[in-house]
Novice: 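Sharing a structure below in structure tokens format, with a few things to ask.
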Amino acid sequence: RDESALEGRRRLCGQENSRRGCAAHDARRGRAETGDACASCGRAARGTHPALKVLKREEDKRDIAIEQVRETIRELSFASPGPRVVLVDEAERMNEESMNAFLKTLEEAPGRTTLVLVTSSASSLLPTIRSRCQTILFHALTEEEILRVLKSDTPEARTAAAIADGSAGRALELVEDLKEWGPESAELLSRVASGDLNPIIEALTRIRDTGKSRARAQRILQLIAIAI
């Protein structure tokens with residue numbers, strides 16, 4: 001997943017919020033950078049905002065299930081007292097059946113409803129989906145830009161920025177991982193530097209496990225890539 005989209009969503013959200021008199025906020029905590037709580041941002045960050053529906057795959061699933069798409073369509077069939085947004089995160093995770101089910105809603109969205117599809121692989125979406133969307137590109141960030149987002153210049157932050165593929169969201173996760181792995185990551189890099197290839201084999205075996213394990217394996221391999 002290209003989580004640089006997270007930083008892009010923050011920028012877009014910040015622009016929209018500034019027009020509404022809402023201070024730029026930290027999406028992870030739902031608090032304004034000024035230190036004042038923004039109730040609307042807080043509800044959005046917690047997933048409880050009545051005007052925001054986030055459709056994303058469940059953590060232990062490979063795809064966004066057709067049942068999730070149908071439930072979202074059902075919810076949109078009810079009248080809304082005000083504007084609402086449906087954010088489809090990792091839209092490429094919808095299979096062909098799910099995309100086809102979502103297509104009619106995309107063509108004829110209910111009034112005052114905005115549908116946002118976030119993807120790092122637009123080519124994976126059906127042509128009929130792509131043709132009905134306006135494309136907004138968020139380009140990868142430089143390492144220095146990521147460090148400014150992290151507000152840190154620690155070794156963990158610099159390593160995270162180097163292997164985050166231009167994604168501020170991924171870097172935020174990596175910093176926490178590196179802090180948690182601490183001794184493990186240092187030992188890993190030391191083993192690889194000494195010519196021990198077992199860490200690569202161990203990481204590859206995890207790729208067959210759950211999505212979370214696959215993501216962790218990918219990060220281990222990225223750490224190894226830096227070492228070699």
Novice: Please evaluate residues Val88 and Ile64 with respect to the criterion side-chain contact (heavy atoms from CB on, under 4.5 Å), reporting the C-alpha separation (whole Å), side-chain torsions for both, the decisive distance (0.1 Å), and the verdict.
Specialist: CA-CA 9 Å; Val88 185; Ile64 297 175; 4.1 Å; yes

Novice: Using a strict threshold of under 4.0 Å (side-chain N to carboxylate O), is an ion pair present between Arg93 and Glu90?
Specialist: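 Answer for the salt bridge query: yes.
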
Novice: Any link between Leu55 and Val85 through a network of hydrophobic side chains (Ile, Leu, Val, Met, Phe, Trp, Tyr) touching at under 4.5 Å?
Specialist: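 No; Val85 is not reachable from Leu55 via cluster members.
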
Novice: Same cluster for Val69 and Leu76 if Ile/Leu/Val/Met/Phe/Trp/Tyr side chains link at under 4.5 Å?
Specialist: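 Looking at the clustering, Leu76 is in the same group as Val69.
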
Novice: I would like to know whether Glu108 and Lys104 meet side-chain contact (heavy atoms from CB on, under 4.5 Å); could you show each step before the answer?
Specialist: CA-CA 6 Å; Glu108 303 174 5; Lys104 186 170 180 58; 3.5 Å; yes

Novice: Counting only heavy atoms from other residues, nucleotides and ligands, does the tally under 6.0 Å from NZ of Lys53 exceed 12?
Specialist: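 Counting other residues, nucleotides and ligands, NZ of Lys53 exceeds 12 neighbours.
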
Novice: With hydrophobic residues grouped by side-chain heavy-atom distances under 4.5 Å, do Leu126 and Ile66 end up in a single group?
Specialist: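 No, Leu126 and Ile66 fall in different hydrophobic clusters.
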
Novice: Any chance you could measure Gln68, atom CD, to Met94, atom CE, to the nearest 0.5 Å?
Specialist: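 Taking CD in Gln68 and CE in Met94, the distance rounds to 11.0 Å.
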
Novice: Search all heavy atoms of Ser98 against all heavy atoms of Ala65 and return the closest pair with its distance.
Specialist: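 Nearest pair, atom of Ser98 first, then Ala65: OG-C, 3.8 Å.
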
Novice: Any idea which heavy atoms bring Arg43 and Pro50 closest together, and the distance?
Specialist: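 That closest heavy-atom pairing would be NE-CD, 4.2 Å.
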
Novice: In sequence, state the C-alpha distance, the side-chain angles, and the governing distance for Arg112 and Arg84, and then conclude on side-chain contact (heavy atoms from CB on, under 4.5 Å).
Specialist: CA-CA 6 Å; Arg112 307 179 76 185; Arg84 57 187 172 182; over 6 Å; no

Novice: Given the rule that I, L, V, M, F, W and Y join up when any side-chain heavy atoms are under 4.5 Å apart, are Ile73 and Leu125 in one cluster?
Specialist: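 Yes, it is one cluster - the side chains of Ile73 and Leu125 are joined through contacts under 4.5 Å.
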
Novice: Find the distance between CZ (Arg57) and CD (Glu92) and round it off to the nearest 0.5 Å.
Specialist: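 Reported to 0.5 Å precision, the distance equals 9.0 Å.
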
